[in-house]
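Sequential numbering from 1 along the given sequence is applied to the chain's residues.
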Amino acid sequence: MGGRAIERKSDRTRQRIFDAAMAIMSEKGYQGVTIRDICQRAEVSIGSFYRYFETKSDILRGMYENGDQLMQEEAPELADRPWMERIMVFIAKYAQLNIDTGLAAMRILYNPENTWFTQTRPMQQKLESLLAGAQEAGELATEPSAAELTELLFVCMRGMCYDWCISHGEYDLKERMTHQMSLLMRAFIP
């Protein structure tokens with residue numbers, strides 16, 4: 001078997017494990033699934049699982065890495081726009097990312113064992129740089145700091161995503177998030 005064929009087989013195996021994990025987690029919830037369950041569903045050995053993932057939470061890594069990459073990209077035409085407008089575009093994009101991820105996957109992500117929420121990732125760094133720019137331009141108060149505001153905004157946005165999940169996606173997340181976050185942001189306009 002050639003190198004490309006081995007690579008394609010490896011990619012298919014990794015994807016099969018991921019798909020099996022997402023399917024079974026949708027049925028049983030994140031906490032109710034073991035690595036053994038995932039391997040049985042994917043029809044792979046436990047050793048194969050560990051070849052691709054270190055832990056059960058690592059299965060979610062790809063979603064976070066894709067989200068981080070997407071959220072770091074900013075449309076060039078926004079570069080000359082007011083900072084607050086750029087921040088609201090970021091918030092709308094975050095809501096859309098969660099909508100695109102889908103309700104079933106979002107329910108899997110929102111669990112206490114998901115360590116990805118506790119990490120400072122490129123997504124947060126991008127928002128912090130936008131907030132710092134708004135503070136430097138005088139569009140936002142300088143207290144609290146951009147880092148503190150970033151934490152506050154992400155806690156609120158995640159809370160809205162959680163509410164959207166427990167509400168079975170019954171409302172327009174993007175519309176609600178941009179509206180409520182604009183209300184919150186007004187508190188920090190000098």
Side-chain angles (χ1 to χ4, degrees), residues 11 14-15 18-19 22 30 53-54 57-111 114-167 169-190:
D11 289 346
R14 187 180 207 289
Q15 187 64 45
F18 176 83
D19 292 344
M22 295 305 288
Y30 183 86
F53 304 100
E54 289 182 29
S57 72
D58 275 355
I59 291 171
L60 309 176
R61 176 183 293 171
M63 285 194 267
Y64 284 97
E65 289 172 349
N66 292 341
D68 283 333
Q69 182 177 3
L70 175 70
M71 295 305 294
Q72 287 181 79
E73 298 167 3
E74 188 174 11
E77 62 271 13
L78 288 175
D80 294 331
R81 303 298 305 154
W83 286 100
M84 289 301 291
E85 184 178 329
R86 293 169 68 186
I87 291 165
M88 292 312 297
V89 167
F90 179 95
I91 291 167
K93 195 174 182 181
Y94 181 81
Q96 190 63 53
L97 171 65
N98 286 282
I99 292 166
D100 293 345
T101 298
L103 192 56
M106 291 298 295
R107 286 181 169 155
I108 294 167
L109 296 178
Y110 280 86
N111 74 78
N114 185 349
T115 61
W116 294 97
F117 282 135
T118 62
Q119 298 175 16
T120 300
R121 298 187 337 271
M123 182 182 299
Q124 285 92 340
Q125 293 165 344
K126 176 64 177 181
L127 180 57
E128 186 174 339
S129 74
L130 291 170
L131 292 166
Q135 288 176 326
E136 290 169 15
E139 292 182 38
L140 277 179
T142 56
E143 287 297 323
S145 70
E148 291 170 317
L149 271 177
T150 299
E151 182 179 356
L152 172 65
L153 295 180
F154 265 95
V155 166
C156 292
M157 290 188 300
R158 287 177 183 147
M160 282 183 234
C161 289
Y162 179 77
D163 183 70
W164 182 69
C165 288
I166 63 173
S167 299
E170 292 176 353
Y171 57 82
D172 184 327
L173 178 63
K174 187 174 180 179
E175 182 181 301
R176 184 166 295 180
M177 186 177 291
T178 54
H179 174 72
Q180 290 184 353
M181 296 307 289
S182 68
L183 293 175
L184 177 63
M185 293 300 294
R186 289 181 197 164
F188 302 104
I189 296 175

For the residue pair [X] and [Y], establish whether any side-chain heavy-atom pair is separated by less than 4.5 Å.
{"X": "K93", "Y": "E74", "answer": "no"}
{"X": "T150", "Y": "T120", "answer": "no"}
{"X": "Q180", "Y": "C156", "answer": "no"}
{"X": "R158", "Y": "Y94", "answer": "yes"}
{"X": "R81", "Y": "V89", "answer": "no"}
{"X": "M160", "Y": "N98", "answer": "no"}
{"X": "E139", "Y": "I87", "answer": "no"}
{"X": "F90", "Y": "L153", "answer": "no"}

Side chain [X], main chain [Y], donor-acceptor under 3.5 Å:
{"X": "E85", "Y": "P82", "answer": "no"}
{"X": "Q72", "Y": "D68", "answer": "yes"}
{"X": "E151", "Y": "Q124", "answer": "no"}
{"X": "Y30", "Y": "L109", "answer": "no"}
{"X": "S167", "Y": "E170", "answer": "no"}

Q.
Before you tell me yes or no, could you show the steps for M123 and F154 under side chain to side chain contact (heavy atoms under 4.5 Å, CB included), namely the whole-Å CA-CA distance, both residues' side-chain angles and the distance that decides it to 0.1 Å?
A. CA-CA 10 Å; M123 182 182 299; F154 265 95; 3.5 Å; yes
Can you establish whether the number of heavy atoms outside [X] located under 6.0 Å from its atom [atom1] is more than 12?
{"X": "Y162", "atom1": "OH", "answer": "no"}
{"X": "Q69", "atom1": "CD", "answer": "no"}
{"X": "E54", "atom1": "CD", "answer": "no"}

So which atom in [X] and which in [Y] form the shortest heavy-atom distance, rounded to 0.1 Å?
{"X": "K174", "Y": "A95", "result": "CA-CB, 3.5 Å"}
{"X": "A79", "Y": "R86", "result": "O-NH1, 3.6 Å"}
{"X": "S182", "Y": "H179", "result": "OG-O, 2.7 Å"}
{"X": "I99", "Y": "W164", "result": "CA-CH2, 4.0 Å"}
{"X": "A141", "Y": "P190", "result": "N-CD, 3.6 Å"}
{"X": "G169", "Y": "L103", "result": "N-CD2, 3.7 Å"}

Q) Ring centroid separation for F53 and F18, is it under 6.0 angstrom? A)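 When the ring centroids of F53 and F18 are compared, they turn out to be at least 6.0 Å apart.
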Q. Side chain to side chain contact (heavy atoms under 4.5 Å, CB included) between M177 and C161: does it pass, once the steps are laid out?
A. CA-CA 9 Å; M177 186 177 291; C161 289; 3.7 Å; yes
Q: Would you sort out whether L127 and M157 count as a side chain to side chain contact (heavy atoms under 4.5 Å, CB included), showing the intermediate values?
A: CA-CA 12 Å; L127 180 57; M157 290 188 300; 4.3 Å; yes
How long is the span from the [atom1] atom in [X] to the [atom2] atom in [Y], to the nearest 0.5 Å?
{"X": "E148", "Y": "E143", "atom1": "CD", "atom2": "CD", "result": "6.5 Å"}
{"X": "L184", "Y": "L149", "atom1": "CG", "atom2": "CG", "result": "8.0 Å"}
{"X": "M71", "Y": "I91", "atom1": "CE", "atom2": "CD1", "result": "9.0 Å"}
{"X": "T178", "Y": "Q96", "atom1": "OG1", "atom2": "CD", "result": "11.0 Å"}

**Q.** Step-by-step side chain to side chain contact (heavy atoms under 4.5 Å, CB included) determination, W83 to L140
**A.** CA-CA 9 Å; W83 286 100; L140 277 179; over 6 Å; no
